[in-house]
Amino acid sequence: LAAMWPITLSPDARNWFLENIAEGRIGSGTFTFAGNLNDIELRDGRAYMRDEMLSLRVPYENLVMRTLGDLPPVFGLDGVIEVTGRSLRMTGTGGVGRLETGETIEVSRAHFQIDDHAQPNPDAWLELDMAGPAAGFVNMARLDPIDLQEDLPFEAGDLTGSVAMSTRV
C-alpha cells in the first residue's frame, strides 16, 4: 500500500497507516478521482482537495492493527478502509487482543477515523467493542495510556467473570 499511496496525499493518515498496520491481506477495491488536477492545492508538502474528489474503498482480511501505548495489538480483523479527499475510515470486525498476562480480549468491532486528514496533526479517534475476562480488563487498565496502576483498589486475580464494553479514545 505504501507504493500506491502518494506521500503528499494526507501524509499524517498515510504515516499512521504505515506505522500501525503490521500485516494483513488487502483485497480488490475501488478508486475514483472526480475532478481536475488543477483543483488540487499543494501547500506545505500536502495535497488539499474537496472531499468528493477522491474515493478509495479497499477490503482487508486478517489485519493486525497496533493500538495505543502498551495496549496489545488487535489480530485478525476483517473489514474495509475508506479514504475520501478529506477523511479516512477503517472499520473491522472479528479481532482479538492478547495481553502479556495471558488473557485474550475479543474485539468484535474496531473503528478508526480521521475526519480531515489534509490538516497537519489531524484529530483522530478509535472505537473498540470488546469482551473478555474481568481480570484481563484490569490488567489492560494498568497499561499505558490508561495507567490506573495506583487507582485500582484490587488485583486482577481478585476478580471473576467477564466484561463487555465499548470505548472511544
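It should be emphasised that the depicted structure is a prediction, and the values quoted were computed from it without experimental measurement.
Atom CD of Glu100 has 12 or fewer heavy atoms from other residues, nucleotides or ligands within 6.0 Å. Atom CG of Asp123 has 12 or fewer heavy atoms from other residues, nucleotides or ligands within 6.0 Å.
In the hydrophobic clustering of this structure, Phe17 groups with Val58; members are Ile, Leu, Val, Met, Phe, Trp, Tyr whose side-chain heavy atoms approach within less than 4.5 Å, directly or through other members. Linking Ile, Leu, Val, Met, Phe, Trp and Tyr residues whenever their side-chain heavy atoms come within less than 4.5 Å leaves Val64 and Leu128 in two separate clusters. Under a hydrophobic clustering in which Ile, Leu, Val, Met, Phe, Trp and Tyr are joined whenever their side-chain heavy atoms come within less than 4.5 Å, directly or via other members, Phe112 and Met165 fall into the same cluster. Criterion: ILVMFWY side-chain heavy atoms under 4.5 Å apart, direct or through other members. Under it, Met90 and Ile26 are part of a common hydrophobic cluster.
Taking OG1 of Thr32 as the reference point, atom CG of Leu54 lies at 8.5 Å (rounded to 0.5 Å). Atom CG of Leu143 sits about 8.5 Å away from atom CD of Gln149, to the nearest 0.5 Å. Atom CD1 of Ile146 is separated from atom CG of Asp151 by 12.0 Å, given to the nearest 0.5 angstrom. Taking CZ from Phe33 and CE from Met49, the interatomic distance works out to 5.5 Å, rounded to the nearest 0.5 Å.
In plain terms, the two heavy atoms of Pro145 and Leu68 that are nearest each other are CD-O, 3.7 Å. Met140 approaches Leu71 most closely through the heavy-atom pair O-CD2, 3.9 Å. Pairing each heavy atom of Ala156 with each of Ala135, the nearest pair is O-CB, 3.4 Å. In terms of heavy atoms, Ser28 sits closest to Pro59 at O-CD, 3.1 Å. Thr160 and Ala134 make their closest contact through O-CB, 3.9 Å (heavy atoms, listed as atom of the first residue, atom of the second, distance).
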Worksheet item: Taking it one step at a time, do Asp78 and Tyr60 satisfy side chain to side chain contact (heavy atoms under 4.5 Å, CB included)?
Response: CA-CA 6 Å; Asp78 296 335; Tyr60 58 83; 5.6 Å; no
Discussion item. Val169 vs Trp125, test: side chain to side chain contact (heavy atoms under 4.5 Å, CB included). Steps then yes/no.
Written reply: CA-CA 6 Å; Val169 291; Trp125 49 270; over 6 Å; no
Fill in: Step-by-step side chain to side chain contact (heavy atoms under 4.5 Å, CB included) determination, His111 to Leu126
CA-CA 6 Å; His111 179 85; Leu126 174 66; over 6 Å; no
Worksheet item: Given the rule in the side chain to side chain donor-acceptor pair (under 3.5 Å) test, do Arg89 and Gln113 qualify, once you have shown the distances and angles that lead to the verdict?
Response: CA-CA 5 Å; Arg89 286 180 292 284; Gln113 184 158 329; 4.8 Å; no
Discussion item. I'd like to know whether Thr67 forms a side chain to side chain contact (heavy atoms under 4.5 Å, CB included) with Val74, so could you lay out the CA-CA distance, the side-chain angles of the two residues, the decisive distance to 0.1 Å, and finally the verdict.
Written reply: CA-CA 7 Å; Thr67 53; Val74 178; 3.9 Å; yes
Item to complete: Could you please spell out the steps behind the side chain to side chain donor-acceptor pair (under 3.5 Å) verdict for Thr101 and Asn139?
Response: CA-CA 7 Å; Thr101 50; Asn139 286 325; 3.2 Å; yes
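The closest side-chain heavy-atom distance from Ile105 to Leu99 is below 4.5 Å. Residues Met130 and Phe137 are in side-chain contact: their nearest non-hydrogen atoms beyond the backbone lie under 4.5 Å apart. The shortest distance between side-chain heavy atoms of Val83 and Arg57 does not fall below 4.5 Å. For the pair Ile81 and Leu56, the minimum side-chain heavy-atom distance is 4.5 Å or more. Counting only heavy atoms from C-beta outward, the side chains of Glu52 and Thr84 never approach each other to under 4.5 Å. For the pair Arg98 and Pro72, the minimum side-chain heavy-atom distance is 4.5 Å or more. Side-chain contact between Leu88 and Glu82 is absent, with no heavy-atom pair separated by less than 4.5 Å.
At a threshold of 4.0 Å, the pair Glu127-Arg109 counts as salt-bridged, since one of the basic side-chain nitrogens sits closer than that to a carboxylate oxygen.
Considering Asp116, Asp115, Asp51 in turn, Asp116 is the only one that fulfils the salt bridge (charged side-chain N to carboxylate O under 4.0 Å, His left out) rule with Arg86.
Listed for the Asp158 side chain is a donor-acceptor partner under 3.5 Å among the backbone atoms of Glu155. Distance alone, capped at 3.5 Å, places no donor-acceptor pair between the Tyr48 side chain and the Asp39 backbone.
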